[in-house]
Amino acid sequence: MPTHFARVTRFVAPAFAACVACQAVSQTVDRRVIAITGQPLPGLPAGVVVESVGTPAISREGDIAFVAWLQGDGITSANNSGIWRQATGGTLELVARAGDAAPGTILGEVFESFRRPIINSRGEIGFNATLSGTFVDETNDIGIWSDAGTDSLVLVAQEGSPAPGTEPGTVFKQFGSGYSLARTVPLLSDSGQLSFWSVLTGAQITTENNFSNWAGSADGVLPLLRTGDPAPGYSADYSISSVGSCLFNKHGEFATAISITGPDVTEDNNRVVVVRRIGQDWEPIIRSGDPAPGFADNVVLSFIYASSINDDGMVGLHGRIEGPTFTEPSDGANWLMSPSGEIERIAHTFMQAPGLNAGITFDYLDFPNITHSGQGVFYASLNDDSSSLTQSFWQASDSGDLVMLVRKGDDPGGVEPGVTLRGIGNVLSNGRLTTHAPNGNGWMYYSALLEGPGVDDTNEFGFWARKDGVHSAMLLRTGVPIDVDDDPASSDFRTPAEIYTRDVTGGEDSYPRSLSDTNEFACRVEFTDGSWAIVVATLICPADTNRDGVITPTDFTAWVSAFNNNDDECDQNDDGMCTPTDFSAWIENYNSGC
């Protein structure tokens, strides 16, 4: 609580200037612990505490779900794990625990273990779990559960159970594979719709029709696309030969890539991106072998896939290209497709990198993740013969405007003088997760390695947030202690040794995310003392006095109230006091933006 100076009786609302030539603005970060080794969790008997935790998922609104493993009185390998959830503004609750009866099963099966859950902005959850019981074997030991649209957990599908909408005798054989995270967990939209990928088996199943993706709710699911079925938008001579996991938004619009077989189909033209809009059938959008959008006709697509979709129906596309100057397998491009189907090229190999010296071009592009406002965020390596500053993140609009968010060699913010980014995103080493994702407020988080004075292998890794290439924040860093005790009268500082997240895209496409639209970053932390915790790092914009995630003139009224009540939000210059000078600081913070 800051020291109070004087009560405000009347303030004239100030004129708010736009930030024209902003320098890097560092954001305040608040960190809190949701669960930690040695502490109890709700729903457990006395004497049972956390042993370790899994990587959490967070929803757009800040709802959190995670797996925890237990130790203590009465704990065995049969009941040592569970799934917990914390809805926005609520308390932690136990969702399911190993050893408990598994809802929907009929032969006395119980939960044995859990895979990482997913949670949506309504606080609804979905997860895979393994089962144990007298009649359980490898043909029926995995199921998918959800409480989306219901008051309790419902079994959505189980290995060995009939696959709805398929031939008699066809059953689910396997959910997921080692192909991608999206194939090993169910996806869950903010409207409560589920989707997952499966292998089928049965008397009429062959290697040509045994893969399918599914969608529905806890009330039931049906196949979306299946190998062996007619290829959408093509004649009956064409069929689907492979299906991927589907991207889908809260409105039930889907996008994915399939492979097809048929007349004149080769490895050079068998890949098709298909989209299903509300109330419409699947429609082919773009195909390998086609001219690459935005290029001369002699530049063609050699590979194409959909990378993300937002709630407005915009789709991110990434592909490899071939042509007179595009001869390497890594040559590629990114596009954004509007809801009406217009495809706009935003970046490609050999393109001049905007804002950088002439001759610095894009070398390799990763796929674009689309934000709520329709911006595509992507990783790119650069051709830069004059330096080694080749790694970068960019933000693009559908009009083609590009802004560099961060680059290797930058000061990431919140570090010691002279410390810079040694590696970001896709090229990290030491087996650490390489990830990045944006949220609906334009913030992107990314993983990074550092170099410079005082940096060694104990404090070189962390996660940072960036917005518009201006605002930055250090979320968490190895070697930098954090207080894991939420009691303001005491402290318990522990030092992170490793930090883990789980994003695939992080946008509005129903995939798992780690950064909410309330600017909360959820992760799993291993500390140097061997303990584990679920930590949430929240970006705090000083000018956002009412903490609603945006800055507007209403925050001025909130600042006056904070001044009069001596609240922490009053202290805008971070001097520990609440004085009229904080008014000027608030104006500066407001104009700097967040």
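Bear in mind the structure is a predicted one, so any value in this text is a computation, not a measurement.
Applying the side-chain contact (heavy atoms from CB on, under 4.5 Å) test between Pro412 and each of Ile424, Leu421, Val406 identifies Leu421 as the sole match. Exactly one residue among Phe66, Phe114, Trp84 makes a ring pair (Phe, Tyr, Trp, His ring centres under 6.0 Å) with Phe127. That residue is Phe114.
Salt bridge status for Arg60 with Asp190: present, with a side-chain N to carboxylate O gap under 4.0 Å. A salt bridge links Arg422 with Glu460; the closest basic N to acidic carboxylate O contact falls under 4.0 Å.
Looking at Asn210, its side chain never comes within 3.5 Å of a backbone N or O of Arg226 through a donor-acceptor pair. A donor-acceptor contact shorter than 3.5 Å links the side chain of Asn249 to the backbone of Asn310. Of the possible polar contacts, one joining the Asp137 side chain to the Thr139 backbone as a donor-acceptor pair under 3.5 Å is found. Side chain of Asn213 to backbone of Pro223: no donor-acceptor contact under 3.5 angstrom is found. With Thr256 contributing its side chain and Ser245 its backbone, the two residues share a donor-acceptor pair below 3.5 Å. At least one donor-acceptor pair closer than 3.5 Å links the side chain of Glu124 to the backbone N or O of Gly149.
Contact record, Cys523 with Leu476: SG-CD1, 3.1 Å, taken as the closest heavy-atom pair. Across all non-hydrogen atoms, the minimal contact from Ala473 to Leu539 is CB-CD2, 3.2 Å. What you find for Ala102 and Leu131 is that their closest heavy atoms are CB-CD2, 3.5 Å. Nearest heavy atoms, Thr371 versus Pro438: CG2-CB, 3.5 Å.
The shortest distance between side-chain heavy atoms of Asn459 and Val480 does not fall below 4.5 Å. Side-chain contact between Leu70 and Val49 is absent, with no heavy-atom pair separated by less than 4.5 Å. Contact check for Leu41 versus Leu92: side-chain heavy atoms found under the 4.5 Å cut-off. Between Met444 and Asn439 there is no side-chain heavy-atom pair separated by less than 4.5 Å. Side-chain contact between Pro42 and Leu94 is absent, with no heavy-atom pair separated by less than 4.5 Å. In this structure the side chain of Leu194 reaches within 4.5 angstrom of the side chain of Val156, judged on heavy atoms. Side-chain contact check for Asp147 versus Arg85: some heavy-atom pair is nearer than 4.5 Å. At a threshold of 4.5 Å between non-hydrogen side-chain atoms, the residues Ile534 and Val33 do not count as touching.
Aromatic ring pairs are classed by plane angle as parallel below 30°, tilted from 30° to 60° and perpendicular above 60°; the pair Tyr364 and Tyr379 is tilted. Between Phe196 and Phe175, the ring planes lie perpendicular to each other; the angle is over 60°, past the 30° to 60° tilted range.
Inspection of the Thr130 and Ser113 side chains reveals an N or O donor paired with an N or O acceptor under 3.5 Å. Defined by atom type and a distance below 3.5 Å, a donor-acceptor pair is present between the side-chain atoms of Asn519 and Asn441. Side-chain contact check for Ser198 and Ser212: no donor-acceptor pair (N or O, by modelled atom type) lies under 3.5 Å. Side chain to side chain, Thr518 and Ser516 meet the donor-acceptor criterion of an N or O pair below 3.5 Å. Side chains of Thr538 and Arg31: a donor-acceptor N/O pair is absent below 3.5 angstrom, by distance only. Looking at Ser510 and Ser189, their side chains never bring a donor and an acceptor atom within 3.5 Å of each other.
For His318, the ring-ring contact (aromatic ring centres under 6.0 Å, His included) partners two or more places apart in sequence, or in a different chain, are Tyr305. Pro232 is linked by a side chain to side chain contact (heavy atoms under 4.5 Å, CB included) to Leu225, Ile240, Ile258, Trp282, counting only residues two or more places apart in sequence or in another chain. In this structure, the side chain to side chain contact (heavy atoms under 4.5 Å, CB included) partners of Thr76, at least two apart in sequence or on a different chain, are Ala78, Asn79. Under the salt bridge (Lys or Arg N to Asp or Glu O under 4.0 Å) criterion, Asp141 pairs with no residue at all, not counting sequence neighbours. Legend: residues meeting ring-ring contact (aromatic ring centres under 6.0 Å, His included) with Phe254, ordered by chain and number and at least two apart, are Phe248.
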Go through Ser259 and Ser241 one step at a time and tell me if the side-chain hydrogen bond (donor to acceptor under 3.5 Å, both in side chains) criterion holds.
-> CA-CA 5 Å; Ser259 296; Ser241 59; 4.5 Å; no
Using the salt bridge (charged side-chain N to carboxylate O under 4.0 Å, His left out) rule, take Arg494 and Asp492 through it: C-alpha gap first, then chi angles, then the decisive distance, then the call.
-> CA-CA 6 Å; Arg494 303 189 193 183; Asp492 179 4; 2.9 Å; yes
Passes salt bridge (charged side-chain N to carboxylate O under 4.0 Å, His left out), Arg97 versus Glu112? Steps please.
-> CA-CA 8 Å; Arg97 184 179 170 191; Glu112 180 181 60; over 6 Å; no
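Aromatic rings from Phe521 and Phe463 are positioned such that their centres are separated by under 6.0 Å. You'll find the ring centres of Phe172 and Trp214 inside the 6.0 Å limit. Side-chain rings of Trp197 and Phe211 approach one another, their centers coming within less than 6.0 Å.
Rounded to the nearest 0.5 angstrom, Asp312 CG and Glu508 CD are separated by 7.0 Å. Taken to the nearest 0.5 Å, the OG atom of Ser195 stands 11.0 Å off from the CG atom of Asp509.
Summarising the local packing, CD of Glu138 is surrounded by 12 or fewer heavy atoms from other residues, nucleotides or ligands at distances under 6.0 Å. By the 6.0 Å contact criterion, CD1 on Ile106 is open, its count of non-hydrogen atoms from other residues, nucleotides or ligands being 12 or less. In the displayed structure, Asp281 atom CG is contacted under 6.0 Å by at most 12 heavy atoms of other residues, nucleotides or ligands.
For residues 197-219, there are no salt bridge (charged side-chain N to carboxylate O under 4.0 Å, His left out) pairs, not counting sequence neighbours.
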